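For reference, the structure is listed below as structure tokens.
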Amino acid sequence: VSDAVKVGVLGVGYWGPNLVRNFVEHEGAEVAYVCDRDQAALDRVTRRFPWLRTTTAYDLVLGDNEVDAIAIATPVSTHGFLARNALRAGKHVLVEKPLAASAAEALDLLELARRRDLVLMPGHTFLYSPPVNLVREYIASGELGEIFFISTSRVNLGLHQPDVSVAWDLAPHDFSILRYWLAERPTTVNAISRCCIIPSVPDIAFVNLGFPSGTIAHVELSWLAPSKLRRTTVVGSRKMVVYDDTSTEPVRLFDSGAALRDPQSFGEYRMTYRTGSIISPRVEPLEPLLMEVGDFVQSVRTGCAPRSNAELGLDVVLTIEAVERSLAAGGGPVDVERPSTSLLSGRSR
Ligand SMILES: NC(=O)c1ccc[n+]([C@@H]2O[C@H](COP(=O)([O-])OP(=O)(O)OC[C@H]3O[C@@H](n4cnc5c(N)ncnc54)[C@H](O)[C@@H]3O)[C@@H](O)[C@H]2O)c1
């Protein structure tokens, strides 16, 4: 009898097949079912993995006692409903980002998972990306000094989503990375956006975030851009970093900075600028999704919270909701709601 974690994958459109492939590759997991309500999507998976069992009936997957866990890669609007039913059926859940389509729904899932002692993990893939983890080490070790600001661009042409705004689609990546790097929640948000192509679906958004430590961040999100950019600049009091996910040198550490010298003794400010070495460290070419799947399997087995945990997923959803409130308020600053502490003080899983 194999002790592999038996997983049912729900939704194999664009992203789901990547989950299937990584669960197939992971030695600790076994794909028990692949489920999609679209037979053509299942047929595409079958061509690649002919031995996998497929079905269009998700209740068949949830009702199978052999299945330990469900991985959900369906549209955002269905995450809450499908994850809730999976948890109610006693299954551990990995749900693609964002955790749910509202904070109320996300809280409901957190509560249910805690009550049932089940893993609820949002798929914030970038928390498993080697360059992201290298930058996190630079920040955590103090190498960059105080973090003044972070500026990030996540833009390309497409893919326009009919059911969610660009913020719900792309911001989970940057908000989860910022939350992970800075180890603090943003407190204020202001944002502007525009619906350029589909009426009432914002396809560009410019978001500003303020953090308790004083760090500020700017996040540019767009489905409408001439070329693909995945570029983040972190500017600290000691050093600066450029993280470019599309580059062969994804992390570049700049020993650069500016300082003010002896302002009192000269009666005027004297600036000094430092432009030192630029280091481009070797970064392991590991596939983040395989690491993510591995963390989920480990969490199911041991009960330890995964790195991409449900509380972080809830923070991301709360931040996107603050973006929406700011947009509704004409771009003015709004506070990011804090999650209820009674819920978050329990077990970490
Ligand atoms: N982590 C990442 O980097 C990343 C990248 C892309 C997408 N995603 C996430 O993956 C999810 C899916 O996105 P996508 O682009 O693959 O969407 P998609 O529309 O291409 O695929 C969704 C699939 O779900 C199926 N489906 C819908 N409702 C279902 C149901 N009730 N039961 C079974 N199947 C159902 C659809 O038939 C479709 O095949 C989204 O949450 C998205 O945010 C994550």
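Note that the structure is a prediction, hence the values are computed from the model and not measured. Any value given below was found using the heavy atoms of this structure, including those in side chains, with hydrogens, waters and symmetry copies removed. In listed order, ligands and their atoms are each counted from 1. Residue indices begin at 1 and follow the sequence shown.
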Original post:
Does the pair Arg179/Asp315 count as a salt bridge with the N-to-O cut at 4.0 Å?
Top reply: yes
**OP:** Decide whether Val235 and Leu229 are clustered together by the hydrophobic rule: side chain heavy atoms of Ile, Leu, Val, Met, Phe, Trp, Tyr closer than 4.5 Å, transitively.
**Re:** no
Original post:
Can you name the closest pair of heavy atoms from Pro281 and Leu134 and give their distance?
Top reply: CG-CD2, 3.5 Å
**OP:** Check Leu19 against Ala73 and note the closest heavy-atom contact, atom names and distance.
**Re:** CD1-CB, 3.9 Å
**OP:** Give the ring-plane orientation class for His160 versus Trp223, where under 30° counts as parallel, over 60° as perpendicular and anything between as tilted.
**Re:** tilted
Original post:
For Tyr180, is the NZ or CZ atom of Arg136 found under 6.0 angstrom from the centre of its six-membered ring and inside 45 degrees of the ring axis?
Top reply: yes
Tabulating one pair per line, provide the atom names and distances (0.1 Å) for every N/O atom of ligand 1 that is less than 3.5 Å from a protein N/O atom.
from     : atom 1 : to     : atom 2 : distance (Å)
ligand 1 : 1 (N)  : Glu96  : OE1    : 3.1
ligand 1 : 1 (N)  : Thr125 : OG1    : 2.8
ligand 1 : 16 (O) : Tyr14  : N      : 3.1
ligand 1 : 16 (O) : Trp15  : N      : 2.8
ligand 1 : 20 (O) : Tyr14  : N      : 2.9
ligand 1 : 34 (N) : Arg37  : N      : 3.4
ligand 1 : 37 (O) : Asp36  : OD1    : 2.6
ligand 1 : 39 (O) : Asp36  : OD1    : 3.3
ligand 1 : 39 (O) : Asp36  : OD2    : 2.6
ligand 1 : 41 (O) : Thr74  : O      : 3.3
ligand 1 : 41 (O) : His79  : NE2    : 2.9
ligand 1 : 41 (O) : Lys97  : O      : 3.2
ligand 1 : 43 (O) : Lys97  : O      : 2.8
ligand 1 : 43 (O) : Lys97  : NZ     : 3.0

